[in-house]
Amino acid sequence: MLRIYNTLTRKKEPFIPMEEGKVKMYVCGMTTYSDAHIGHARTYVAFDIIRRYLEYKGYEVLYIQNITDIDDKIINAANEANMDPLEYSAYYAERCLEDMRKLGIRDASLYPKATEHIDDMIKLIEKLIEKGYAYVADGDVYFSVERFQEYGKLSKQDMKQIKAGARIQPGEKKRKPEDFALWKAAKPGEPKWRSPWGEGRPGWHIECSVMSSRYLGIPFDIHGGGQDLIFPHHENEIAQSEAAYGKNFVNYWLHSGMLKVRGEKMSKSLGNIINVRDALKQWDAEVLRFFFASYHYRSPADFGEDALKNAENAVKRLRIAREKLAEMAGEDENFDENKLDEKEKEYLAAIKELRTKFEEAMDDDFNTPKALETLFDFVRKTNKFLMEKEKPDEKLCRYALNEFLRVANVLTLLQEEEKRMDEDAIRRLGEKYGVIKEKIEDVIEGLLAIRRKAREAKEYELADAIRDALREAGIEIEDIGKETKWRII
RNA sequence: GGGCGGGUCACCUAGAGGCCGGGUGGCGGACUGCAGAUCCGCAUACGCGGGUUCAAAUCCCGCCCCGCCCUCCA
């Protein structure tokens with residue numbers, strides 16, 4: 001039974017979707033006015049894993065992630081760059097999605113954009129005005145917070161606190177400081193849309209109320225985002241949606257912890273924002289994903305050299321185990337349990353345990369660090385099994401590999417092979433030793449043949465030179481007796 | 001001030017009242033021409049001070065420290 005921590009109740013609750021077998025989830029996406037940073041990556045990897053686990057459990061998941069493509073910051077940034085704001089945000093939206101794909105995050109079911117839903121926003125605002133929850137003030141429209149009794153229920157703040165923190169910015173025409181904008185009258189030169197209150201553009205919060213209910217209905221199952229969005233954004237979404245529709249908006253609110261950099265908050269003023277693009281120059285996408293998965297999604301995470309280095313080594317251990325298993329694995333996984341000997345039966349038990357322990361961990365509010373433990377436990381048992389068993393059952397090995405990959409995939413690990421070897425360097429090396437072949441694999445084999453002869457002749461300098469050069473190029477070799485295996489590291 | 005989450009071995013993380021955490025790194029052993037990989041073993045831990053209990057990293061109280069939010073934020 002999956003249990004999920006709900007920010008609304010501050011408790012772990014059994015997860016029961018609205019519709020059996022289906023999960024409708026919405027995660028607040030990016031405001032696209034610059035490249036995605038590793039904080040975004042953390043959040044979207046976390047929700048990607050959540051989505052994958054739900055699918056692993058057999059749910060059909062409809063996963064909506066919005067793109068905020070109109071907003072003050074976009075307009076300002078576009079003006080500075082001397083570009084049209086909508087072109088500007090479209091450009092960054094594309095780049096951000098590209099970054100997420102490079103990270104290995106699966107696409108959401110849909111990435112709706114704010115500017116494509118202006119009509120629906122206007123309708124919702126009209127409804128709020130009709131019902132007396134919103135008012136027009138000189139071309140602006142504001143939500144009247146005190147009209148919504150439950151305001152503050154998500155962030156656990158009472159009205160007194162909210163009022164104490166609220167301010168009226170210059171140019172705003174709201175009646176109460178705690179009110180927030182649903183619609184903003186256009187200033188000269190800004191992108192604008194026609195509305196019953198004059199030309200203008202939507203406030204930030206309204207888009208999520210509109211797009212979530214448009215694609216998922218209301219209420220829907222899961223609404224996620226970074227912890228920094230709890231207040232005011234998600235609080236405001238609740239106010240808008242529940243005031244307008246008179247019913248519960250979301251069943252489970254999930255919030256991911258913030259990412260720090262070397263113990264400090266990531267912020268423009270500290271100048272320590274790390275873009276996904278830059279992070280990918282230094283670290284493998286899979287290493288970054290492992291790093292994120294090694295923290296529980298609600299805990300703060302700290303992006304530091306040591307932790308990344310640890311992750312890099314840990315990932316290597318997983319990859320090697322995968323390779324070793326793959327070498328022994330046959331075509332299909334339909335092994336015959338009666339043909340297994342004692343050792344194999346013992347290993348079969350370990351394979352089955354992988355799944356149960358993994359699920360136990362993930363069922364507990366997506367405890368990915370705990371889930372990783374089960375992977376490493378399995379790796380140790382696999383290595384031991386392959387070491388002790390001369391000719392392991394091929395089908396059993398295929399089954400083990402498949403099971404391993406199935407759970408690893410949920411954690412976004414051991415996915416499609418990324419080319420990490422430097423083919424050019426290997427070919428140059430081949431030329432040096434007179435090995436010229438079409439296929440890179442043949443070049444490597446040829447080099448290894450030369451090395452084998454060298455070893456037999458006890459010409460260890462040459463043997464080691466080839467080994468070191470291959471290692472430089474991303475190929476690691478392993479001598480087992482007379483035989484030599486190689487793998488991409 | 002209000003809300004939330006933390007302080008666990010050299011490093012990164014998980015954690016149920018009693019027994020176990022895992023990864024990285026280190027040390028020793030097996031294997032090896034060497035290296036790597038792997039296996040086995042070893043070490044280092046629960047911010048501070050009280051309390052509850054036969055038993056506390058875990059529950060309670062107080063304190064110190066850190067991070068996040070409190071109308072820009074993922």
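When reading the values below, keep in mind they use all heavy atoms of this one structure, side chains included, and skip hydrogens, waters and symmetry mates. Residue numbers begin at 1 in each chain, while the letters A, B, ... track the order of the sequences.
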Q: Under the ring pair (Phe, Tyr, Trp, His ring centres under 6.0 Å) rule, collect the residues that match up with A/Tyr151, sequence neighbours excluded.
A: none
**Q.** Identified pairing partner of B/G28, criterion: Watson-Crick or G-U wobble below 3.5 Å
**A.** B/C40
Q) Which whole number of Å gives the distance between the P atom of B/G26 and that of B/A10? A) 15 Å
Q) What does A/Ile320 touch in the nucleic acid at a heavy-atom separation under 4.0 angstrom: a base, only the sugar-phosphate, or nothing? A) sugar-phosphate
Q: Report which part of the nucleic acid A/Met100 touches: base, sugar-phosphate, or nothing (heavy-atom distance under 4.0 Å, all strands).
A: nothing
Q) Under 4.0 Å between a side-chain N/O of A/Lys381 and OP1 or OP2 of B/C39, yes or no? A) no
Q.
Side chain of A/Ala314, heavy atoms from C-beta onward: which of B/C70, B/U24, B/A37 has the nearest atom to it?
A. B/U24
Q) Which is true for A/Gly39 with a 4.0 Å heavy-atom rule: it touches a base, it touches only sugar-phosphate, or it touches nothing? A) base
Q | Pairing residues for A/Arg451 by the salt bridge (Lys or Arg N to Asp or Glu O under 4.0 Å) criterion, not counting sequence neighbours | A | A/Asp479
(Q) Can you tell me which nucleotide in B/G33, B/A74, B/U13 comes closest to the side chain of A/Pro369? (A) B/U13
Q.
How many whole angstroms separate atom NE2 of A/His37 from atom P of B/C72?
A. 16 Å
Q: Look at all strands and tell whether A/Leu375 reaches a base, only sugar-phosphate, or nothing, counting heavy atoms closer than 4.0 Å.
A: nothing
Q. Can you find a donor-acceptor pair, distance only, under 3.5 Å between A/Arg42 side chain and B/A74 base?
A. no
Q. Would you say A/Asn313 reaches B/G23's phosphate, i.e. side-chain N/O to OP1/OP2 under 4.0 Å?
A. no
(Q) I'd like the C1' distance from B/A14 over to B/U8, given in whole Å. (A) 10 Å
List every contact pair, protein side and nucleotides 4-6 of chain B side both N or O, where the distance is under 3.5 Å.
none

Q) Has the side chain of A/Gln157 got a donor or acceptor that lies under 3.5 Å from a partner of the other kind on the base of B/G3? A) no
Q: With the side chain of A/Thr31 defined as its heavy atoms from C-beta on, choose the nearest nucleotide among B/U71, B/G23, B/A74.
A: B/A74
(Q) Considering every strand and a 4.0 Å limit on heavy-atom distances, what is the contact class for A/Gly29: base, sugar-phosphate, or nothing? (A) sugar-phosphate
Q. For B/U71, which nucleotide is its Watson-Crick or G-U wobble mate, given both distances must be under 3.5 Å?
A. none
Q | Spacing of the P atoms in B/C40 and B/C54 (rounded, Å) | A | 40 Å
Q | Distance between P atoms of B/G62 and B/G1 (Å, rounded) | A | 14 Å
**Q.** Proximal nucleotide (of B/C70, B/A37, B/C12) relative to the A/Ala307 side chain
**A.** B/C12
Q) Taking the side chain of A/Lys260 as its heavy atoms from C-beta onward, which of B/C39, B/G67, B/U71 lies nearest to it? A) B/G67
**Q.** By ring pair (Phe, Tyr, Trp, His ring centres under 6.0 Å) - contacts of A/His37 (at least two apart)
**A.** A/His40
Q: Scan A/Ser294 against the nucleic acid and name what it touches under 4.0 Å (heavy atoms): base, sugar-phosphate only, or nothing.
A: sugar-phosphate
Q. Of all the choices, B/C34, B/G25, B/A37, which nucleotide is nearest to the side chain of A/Lys316 once you look at every atom?
A. B/A37
Q: Just call it for A/Leu308: base, sugar-phosphate, or nothing, with non-hydrogen atoms closer than 4.0 Å on any strand.
A: nothing
Q) When the P atoms of B/U58 and B/G15 are considered, how many whole Å apart are they? A) 15 Å
Q.
Can you check the distance between B/C48 and B/A37, where both ends of the measurement are the C1' atom (answer in whole Å)?
A. 44 Å
Q. Side chain of A/Arg380, base of B/C39: donor and acceptor closer than 3.5 Å?
A. no
(Q) Among B/G33, B/A14, B/A74, which nucleotide has an atom closest to any side-chain atom of A/Tyr460? (A) B/G33
(Q) If the condition is ring pair (Phe, Tyr, Trp, His ring centres under 6.0 Å), which residues does A/Phe220 pass it with, not counting sequence neighbours? (A) A/His223, A/Phe249
Q: Select one nucleotide: of B/G22, B/C70, B/A14, the one nearest the side-chain heavy atoms of A/His296.
A: B/A14
Q. Looking only at N and O atoms, is any donor in the side chain of A/Asn310 or the base of B/G25 less than 3.5 Å from an acceptor on the other one?
A. no
**Q.** Separation of atom CG in A/Asp479 from atom C1' in B/C31, rounded to whole Å
**A.** 12 Å
Q. How would you label the contact of A/Glu312 with the nucleic acid (heavy atoms, under 4.0 Å): base, sugar-phosphate, or nothing?
A. nothing
Q | Nucleotide paired to B/U58 in any strand shown, Watson-Crick or G-U, under 3.5 Å | A | none
Q. Rounded to whole angstrom units, what separation is found between the CD atom of A/Glu235 and the C1' atom of B/G2?
A. 14 Å
Q | Qualifying residues under salt bridge (Lys or Arg N to Asp or Glu O under 4.0 Å), relative to A/Glu172, sequence neighbours excluded | A | A/Lys174
Q | Rounded interatomic separation in angstrom, taking CD from A/Glu327 and P from B/U38 | A | 13 Å
(Q) Please tell me whether A/Asp393 and A/Tyr347 have a donor and an acceptor in their side chains that are separated by less than 3.5 angstrom. (A) no
Q: Evaluate the side-chain proximity of A/Leu462 to A/Ile466: yes if any heavy-atom separation is below 4.5 Å, no if none is.
A: yes
(Q) So, under a plain 3.5 Å distance rule, would you say the side chain of A/Asp228 forms a donor-acceptor pair with the base of B/C68? (A) no
Q) Does a donor on one side chain and an acceptor on the other come within less than 3.5 Å for A/Tyr297 and A/Asp365? A) yes
(Q) Using 30° and 60° as the class boundaries, would you call the ring planes of A/Tyr53 and A/Phe366 parallel, tilted or perpendicular? (A) perpendicular
Q: For A/Ile230, answer base if it contacts any base atom (sugar-phosphate contacts may also be present), sugar-phosphate if it contacts only those atoms, and nothing otherwise; contact means non-hydrogen atoms under 4.0 Å.
A: nothing
(Q) Side chains of A/Thr31 and A/Asp71: any donor to acceptor distance under 3.5 Å? (A) no
Q) When the distance from NZ of A/Lys163 to P of B/U71 is rounded to whole Å, what number comes out? A) 16 Å
Q: Could you let me know what B/C9 is paired to, Watson-Crick or G-U wobble, both distances under 3.5 Å, or none if it's on its own?
A: none
Q) What is the nucleic acid contact for A/Lys324, judged by heavy atoms within less than 4.0 Å: base, sugar-phosphate only, or nothing? A) sugar-phosphate
Q. Which whole-number value in Å describes the distance from A/Asp464 CG to B/U32 P?
A. 17 Å
Q | A/Asp302 side chain to A/Tyr295 side chain, donor-acceptor N/O pair below 3.5 angstrom | A | no
Q) What integer number of Å spans the P atoms of B/C70 and B/C59? A) 29 Å
**Q.** Selected nucleotide, minimal atom distance to A/Tyr295 side chain, candidates B/A74, B/A37, B/C12
**A.** B/C12
Q) Whole Å only: how far is the CZ atom of A/Phe376 from the P atom of B/C20? A) 23 Å
Q. B/U38 P sits how many Å from A/Met328 CE, rounded?
A. 17 Å
Q: If the plane angle is over 60° it's perpendicular, under 30° parallel, otherwise tilted; pick one for A/His234 and A/His255.
A: tilted
Q. If we take the C1' atom in both B/C69 and B/U53, what is their distance in whole Å?
A. 38 Å
